[in-house]
Amino acid sequence: MVVEKQQQQQHKKTKRFALFLATCDSEFVKKAYGGYFNVFVSTFGDEGEQWDLFRVVDGDFPGDDDLDSYDGFIISGSPHDAFADADWIVKLCSLCQKLDEMKKKVLGICFGHQIITRVKGGKIGRSRQGQDMGLRTITIAKDNEKLGLYFGDEVPASLAIVKCHQDEVLELPDSATVLASSEVCQVEMFSIGDHLLCIQGHPEYNKEILFEIVDRVVNMKLMEQEFADKAKSTMETAQPDKDLWQKLCKNFLKGQI
């Protein structure tokens, strides 16, 4: 009876996830979605789960003693360089090392993808073909057993995703397996073991978020208008494969196969 009761309690245990937010909320995102946290939870969360926000860009981190209580973590994108040595970036790298040692599930997106590369001994730097913004189609690796588990059925040959980055993975960690690539980026997605999944694009982004970022970057004189117009034109008649990205990421984080 005691064993049965413990099993019931474990079965009812609320799944707990944390978002490490490495960027500040824009005024648009705050007004439209209530902040990036809500964008992530609406994309990757499910009813009955607990999601916690840590604004790591502002130095907000969980305590080491609390890490084991989480089922998974997401590291967001950021306008900052993952190869920089700001205090909060160095601290984030140290935290990721601990999560890796604990074999905790970590989903790295864009900046997060690059941070995990850095932590695991790979090399990151400016993108070989320059800044990439817009909707892109990436090629999914064939005959990968892990992808078969994550997608649950037929693995797509390619997926559309919103891209927004000026840095990339230049050299993979020795332990990494490439899961997707493209003409402009050799490492669009990779995994390490069963606990680290890294994506260069943004599964959580939509057309409105991309357009607002593009306009903001143009206003800051960090992008030419012609480049911005080309980025926007990629989404005039096409959309990202958001449902498939959700399926992939949720199955990775939560083992819902």
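Not counting sequence neighbours, the partners of Asp81 by the salt bridge (charged side-chain N to carboxylate O under 4.0 Å, His left out) test are Arg126. Under the rule for a side chain to side chain contact (heavy atoms under 4.5 Å, CB included), the partners of Asp68 that lie at least two apart in sequence or sit in another chain are Met102, Lys104. Looking at residues two or more places apart in sequence or on another chain, you find no side chain to side chain contact (heavy atoms under 4.5 Å, CB included) involving Ala157.
The shortest heavy-atom contact between Ile140 and Ala180 is CD1-CB, 3.9 Å. Here the closest non-hydrogen pair linking Asn206 and Tyr33 is ND2-OH, 3.0 Å. Of all non-hydrogen atoms in Val39 and Thr43, the two that sit nearest each other are O-OG1, 2.8 Å. Taking each heavy atom of Cys110 and Cys164 in turn, the nearest pair found is SG-O, 3.7 Å. Pairing each heavy atom of Ala82 with each of Phe111, the nearest pair is CA-CE1, 3.5 Å. Smallest separation of non-hydrogen atoms from Ser69 and Asp66: OG-O, 2.6 Å.
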Could you walk me through whether Glu188 and Thr139 pass the side chain to side chain contact (heavy atoms under 4.5 Å, CB included) test, one step at a time? CA-CA 9 Å; Glu188 291 282 6; Thr139 301; over 6 Å; no
Could you go through the side chain to side chain contact (heavy atoms under 4.5 Å, CB included) check for Gln129 and Glu183 one step at a time? CA-CA 10 Å; Gln129 298 194 38; Glu183 293 181 356; 5.9 Å; no
Steps toward side chain to side chain contact (heavy atoms under 4.5 Å, CB included) verdict (Ile138, Gln200): CA-CA 10 Å; Ile138 66 175; Gln200 180 58 73; over 6 Å; no
Lys98 and Asp64: side chain to side chain contact (heavy atoms under 4.5 Å, CB included), yes or no, with the steps? CA-CA 9 Å; Lys98 293 172 185 174; Asp64 288 353; 2.7 Å; yes
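No hydrogens or angles considered: nothing links the side chains of Gln50 and Thr14 as a donor-acceptor pair under 3.5 Å.
Ring geometry for Phe61 versus Phe20: interplanar angle of 30 to 60°, hence tilted. In this structure, His202 and Tyr205 have parallel ring planes: the angle between them is below the 30° cut-off, well short of the 60° mark.
Both Ile124 and Val57 belong to a common hydrophobic cluster when Ile, Leu, Val, Met, Phe, Trp and Tyr are linked at side-chain heavy-atom distances under 4.5 angstrom. Clustering ILVMFWY residues whenever any of their side-chain heavy atoms sit less than 4.5 angstrom apart, transitively, puts Leu107 in a cluster other than the one holding Leu67. Taken together through direct or relayed side-chain contacts under 4.5 Å among Ile, Leu, Val, Met, Phe, Trp and Tyr, Trp245 and Phe17 form part of one hydrophobic cluster. Both Ile115 and Leu99 sit in one connected hydrophobic cluster of ILVMFWY residues. Membership requires side-chain heavy atoms under 4.5 Å apart, directly or through other members. Linking ILVMFWY residues whenever their side-chain heavy atoms come closer than 4.5 Å, directly or via other members, places Ile116 and Leu172 in the same cluster.
Remark: Ile74 CD1 to Phe37 CZ distance equals 9.5 Å, nearest 0.5 Å. Once rounded to the nearest 0.5 Å, the distance linking CG of Asp58 with OG1 of Thr23 reads 10.0 Å. Taking CG of Asp215 as the reference point, atom CD of Gln225 lies at 7.5 Å (rounded to 0.5 Å). Rounding to the nearest 0.5 angstrom, the gap separating the CE atom in Met189 from the CG atom in Leu159 is 7.0 Å. Taking CD1 of Ile109 as the start and NE2 of His165 as the end, the distance is 13.5 Å to the nearest 0.5 Å. Note that the OG atom of Ser26 and the CD1 atom of Ile209 stand 8.0 Å from one another [nearest 0.5 Å].
A donor-acceptor pair under 3.5 Å is absent between the side-chain atoms of Ser76 and the main chain of Leu21, judged by distance alone. Of the possible donor and acceptor atoms, none in the side chain of Arg118 sits under 3.5 Å from a partner among the backbone N and O of Cys93. Of the possible donor and acceptor atoms, one in the side chain of Asn144 sits under 3.5 Å from a partner among the backbone N and O of Leu147. Looking at Lys232, its side chain never comes within 3.5 Å of a backbone N or O of Phe211 through a donor-acceptor pair. In terms of modelled atom types and a separation under 3.5 Å, the side chain of Glu168 and the main chain of Arg128 share a donor-acceptor contact. With hydrogens and angles disregarded, no donor-acceptor distance shorter than 3.5 Å links the side chain of Ser191 to the backbone of Leu197. Without hydrogens or angle criteria, Thr117 side chain to His113 main chain gives a donor-acceptor distance under 3.5 Å. Using a distance-only test at 3.5 Å, with no hydrogens or angles considered, a donor-acceptor pair links the side chain of Gln114 to the main chain of Asp167. Not a single donor-acceptor pair under 3.5 Å links the side chain of Gln131 to the backbone N or O of Gln166. Looking only at distances, a side-chain donor or acceptor of Asp25 sits under 3.5 Å from a matching main-chain atom of Tyr36.
Between Lys254 and Glu49, at least one side-chain N (NZ, or NE/NH1/NH2) sits under 4.0 Å from a carboxylate O, which counts as a salt bridge. The residues Glu27 and Lys30 are annotated as salt-bridged, a charged nitrogen and a carboxylate oxygen being separated by less than 4.0 angstrom. A salt bridge links Arg16 with Asp52: the distance from a Lys NZ or Arg NE/NH1/NH2 to an Asp or Glu carboxylate oxygen falls below 4.0 Å.
Taking 4.5 Å as the limit, some side-chain heavy atom of Trp88 sits within range of a side-chain heavy atom of His80. Counting heavy atoms from C-beta on, the side chains of Val106 and His195 never come closer than 4.5 Å. The side-chain heavy atoms of Ile89 and Ser78, taken from C-beta on, include no pair separated by under 4.5 Å. Pro173 places a side-chain heavy atom less than 4.5 Å from the side chain of Ile192. Counting heavy atoms from C-beta on, the side chains of Gln97 and Asp100 never come closer than 4.5 Å. Side chains of Phe73 and Cys96 form no contact here, defined as non-hydrogen atoms less than 4.5 Å apart. Side-chain contact between Asp194 and Lys103: absent, with no pair of heavy atoms (C-beta onward) separated by less than 4.5 Å. Within the 4.5 Å cutoff, the side chain of Pro240 has heavy atoms near those of the Met235 side chain.
In Asn219, the CG atom is crowded: over 12 heavy atoms of neighbouring residues, nucleotides or ligands sit closer than 6.0 Å. Atom CD of Gln246 sits in a crowded spot, with more than 12 heavy atoms from other residues, nucleotides or ligands closer than 6.0 Å.
None of Lys13, Lys105, Lys15 except one satisfies the salt bridge (Lys or Arg N to Asp or Glu O under 4.0 Å) rule with Asp71; the exception is Lys13.
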